[in-house]
Amino acid sequence: MTFLLFFAAAAFEIGGCYLVWMAARQGQPWLWLPALAALGLFGYLLSLTGLDSAGRAFAVYGGIYILASIAFMAGFEGVRPDRWDLIGAGLALAGAAIVYFAPRG
């Protein structure tokens with residue numbers, strides 16, 4: 001369930017940031033309200049992950065965010081990830097897994 005929250009948070013953060021991008025770069029000010037709502041929901045979902053500190057939640061989320069960003073680039077922008085994108089995403093996920101699954105007393 002925790003990983004679903006991370007992926008849902010990523011979807012809302014990427015969506016919200018993309019709406020900000022569109023509002024600012026394409027002069028569509030009406031997009032600011034849904035952008036802010038999406039970004040607020042992102043923060044709320046991240047708070048539900050159940051990790052013991054916000055910093056640790058942010059660190060784990062960082063790896064998932066990188067993977068989700070590469071997927072967004074491929075799926076919505078039509079830009080095919082190159083091997084460096086995939087290697088970087090893999091390394092980020094490995095780091096996130098270490099932070100998440102590390103044995104702690």
Side-chain angles (χ1 to χ4, degrees):
M1 179 67 173
T2 300
F3 282 102
L4 291 176
L5 287 171
F6 281 119
F7 281 102
F12 281 103
E13 184 181 18
I14 291 169
C17 288
Y18 187 67
L19 291 173
V20 168
W21 174 279
M22 298 292 289
R25 303 238 345 198
Q26 295 186 0
Q28 299 179 26
W30 61 274
L31 290 175
W32 283 102
L33 188 59
L36 294 175
L39 291 170
L41 192 51
F42 147 71
Y44 175 71
L45 290 172
L46 202 56
S47 76
L48 298 177
T49 60
L51 294 177
D52 61 347
S53 75
R56 192 165 286 139
F58 300 155
V60 173
Y61 172 71
I64 293 169
Y65 179 80
I66 290 170
L67 176 65
S69 297
I70 298 295
F72 177 85
M73 180 181 75
F76 286 92
E77 295 182 300
V79 177
R80 184 182 169 113
D82 61 25
R83 68 177 170 188
W84 301 109
D85 294 324
L86 299 176
I87 290 169
L91 289 171
L93 283 175
I98 290 168
V99 171
Y100 186 78
F101 292 111
R104 295 190 169 85

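Residue Leu4 is not grouped with residue Leu48 when hydrophobic side chains (ILVMFWY) are merged at heavy-atom distances under 4.5 angstrom, including chains of intermediate members. Note on Met73 and Tyr65: separate hydrophobic clusters, where clusters join Ile, Leu, Val, Met, Phe, Trp and Tyr whose side-chain heavy atoms are under 4.5 Å apart, directly or indirectly. When hydrophobic clusters are built by joining Ile, Leu, Val, Met, Phe, Trp and Tyr residues whose side-chain heavy atoms come closer than 4.5 Å, directly or via intermediates, Leu39 is not grouped with Leu46. Hydrophobic cluster membership is shared by Phe58 and Leu5, with clusters built from Ile, Leu, Val, Met, Phe, Trp and Tyr side chains linked at under 4.5 angstrom.
In terms of heavy-atom proximity, Ala9 sits nearest to Leu45 at N-CD1, 3.9 Å. Closest non-hydrogen pair, Leu51 versus Ala57, comes out as CD1-CA, 3.4 Å. When every heavy atom of Gly16 is checked against every heavy atom of Ala35, the shortest pair comes out as O-CB, 3.6 Å. When all heavy atoms of Leu86 and Pro81 are compared, the pair lying nearest together is CD2-CB, 4.1 Å.
Remark: aromatic rings of Tyr44 and Phe12 are distant, center separation not under 6.0 Å.
Aromatic ring pairs are classed by plane angle as parallel below 30°, tilted from 30° to 60° and perpendicular above 60°; the pair Phe6 and Tyr61 is parallel. The aromatic rings of Phe76 and Phe72 lie parallel to each other, with less than 30° between the two planes, well short of the 60° mark.
Atoms CG and CD1, on Leu91 and Ile66 in that order, are 9.5 Å from each other to the nearest 0.5 Å. To the nearest 0.5 Å, atoms CG (Asp85) and CD1 (Ile70) are separated by 4.0 Å. Gln28 contributes atom CD, which lies 13.5 Å from atom CH2 of Trp21 (distance to the nearest 0.5 angstrom). Rounded to the nearest 0.5 Å, atoms CG (Leu19) and CG (Leu33) are 10.5 Å apart. The distance from atom CD of Gln26 to atom CG of Leu31, rounded to the nearest 0.5 Å, is 8.5 Å.
No side-chain heavy atom of Phe42 sits under 4.5 Å from any side-chain heavy atom of Ile14. For the pair Ile64 and Leu93, the minimum side-chain heavy-atom distance is below 4.5 Å.
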